[in-house]
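For the single chain, residues carry numbers from 1 onward in sequence order. Whatever order the structure lists them in is the order used to number ligands and atoms, beginning at 1. Keep in mind that the numbers below use all heavy atoms, side chains included, and drop hydrogens, waters and symmetry copies.
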Amino acid sequence: MIRLAIMASGSGSNAENIVKYFAHSTEIEVAAIISNKADAYVLERAQYLHVPSYVMSRADMVGTDKLLNLLRELKTDWVILAGFLVLLPECIVNEYDGKILNIHPSLLPKFGGKGMYGDKVHQAVVEAREKESGITIHKIDANYDEGTTVFQAKIRVEPLDNAEKVAQKVHALEYKFYPQIIENLVLGRDFEKVVTVEPISKD
Ligand code: GAR
């Protein structure tokens, strides 16, 4: 079995979706959910999904070996970030080189970087009158929202869409593609790198 550790700081709807996707897999399992927030809703999800969960402060994650030790104890093969807002320290990025995936709710490099997460991203997309948005799945490096892009899916942003509407469309992309892309990458399968879910108008 290939073992995934999911890391999440907030609601965890992606984490839940990934757990459910692999629930009956014979090749991939979610070994744990790890959060830096003791009151994150993702921990309740872990409980009802019967996935072991762990909480560790940001200070412990970035300033000590505790996270590295935990990931090793869990025999983690891949680290999956799903709404995780701590910049992982170099020792983790080096140990899991190329095996830490993140999802970002925009078409990076647009609307990424420190402080750009969740609804703030969608608000910025609407304010910039973007015609398209989407998701980026990437292998992380030591900077926020950088590294190697492995997949993007795009949707059209209509002139009257507000941030909530864009969020809704982008979440749908996340739920559809993140588990599939994880599966393809982990199992070394080929897949299409860019998908346009709605045709983008030319004007
Ligand atoms: C997701 O939209 C994810 O793409 C985003 O946080 C949300 C978490 O939602 N991640 C980032 O913005 C990373 N920079 P969830 O907790 O319901 O899965």
Side-chain angles (χ1 to χ4, degrees), residues 4-23 30 32-49 51 53-55 58 61-62 78-89 92-93 100-128 130 132-155 157 161-182 185 195 197:
L4 312 181
I6 298 180
M7 304 197 63
S9 304
S11 162
S13 65
N14 278 284
E16 174 161 354
N17 183 51
I18 294 164
V19 169
K20 287 180 171 164
Y21 185 89
F22 292 115
V30 176
I33 293 178
I34 305 170
S35 184
N36 60 308
K37 291 256 183 235
D39 58 352
Y41 186 64
V42 69
L43 296 170
E44 284 183 42
R45 294 188 198 261
Q47 208 166 17
Y48 66 66
L49 292 164
V51 175
S53 64
Y54 301 83
V55 181
R58 176 191 290 256
M61 283 185 183
V62 303
W78 286 71
V79 178
I80 307 297
L81 310 185
F84 183 65
L85 302 179
V86 177
L87 190 61
L88 286 175
I92 306 272
V93 178
I100 307 179
L101 294 181
N102 183 40
I103 188 162
H104 185 79
S106 75
L107 298 172
L108 290 175
K110 284 185 162 183
F111 307 104
K114 192 166 164 48
M116 287 301 262
Y117 60 88
D119 292 338
K120 287 188 186 170
V121 176
H122 307 304
Q123 192 59 46
V125 165
V126 168
E127 280 167 15
E130 291 290 307
E132 59 177 8
S133 191
I135 58 169
T136 301
I137 297 171
H138 62 107
K139 294 181 174 177
I140 70 156
D141 64 13
N143 300 314
Y144 276 106
D145 300 328
E146 290 182 16
T148 314
T149 293
V150 293
F151 178 82
Q152 288 191 314
K154 305 176 183 184
I155 43 95
V157 177
D161 283 354
N162 57 18
E164 205 181 326
K165 182 74 194 171
V166 177
Q168 225 175 56
K169 292 185 189 175
V170 170
H171 271 305
L173 292 181
E174 294 185 324
Y175 302 149
K176 180 173 163 65
F177 290 109
Y178 203 16
Q180 283 180 25
I181 298 299
I182 293 168
L185 270 174
V195 169
V197 171

Would you tell me whether Gln180 and Tyr21 have side-chain atoms, one donor and one acceptor, within less than 3.5 Å of each other?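 No, no side-chain donor-acceptor contact under 3.5 Å.
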
Residues Thr136 and His138: side-chain donor-acceptor under 3.5 angstrom: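 No, no side-chain donor-acceptor contact under 3.5 Å.
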
Under a 4.0 Å heavy-atom cut-off, what residues line ligand 1?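 Ser11, Gly12, Ser13, Asn14, Gly83, Ile103, His104, Pro105, Met116, Tyr117, Gly118, Asp145, His171, Glu174.
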
CG/Leu88 to CD1/Ile140 distance, rounded to the nearest 0.5 angstrom?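 Taking CG in Leu88 and CD1 in Ile140, the distance rounds to 4.5 Å.
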
At what distance, to the nearest 0.5 angstrom, does CG of Asp39 lie from CD of Glu44?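 So the gap between those two atoms works out to 10.0 Å.
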
Considering all heavy atoms of both residues, which atom of Ala8 and which atom of Phe84 are nearest to each other, and what is their separation?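 So the two residues come closest at N-CD1, 3.7 Å.
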
Donor-acceptor contact below 3.5 Å, side chain Ser35 vs main chain Lys37: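 A pair under 3.5 Å: yes.
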
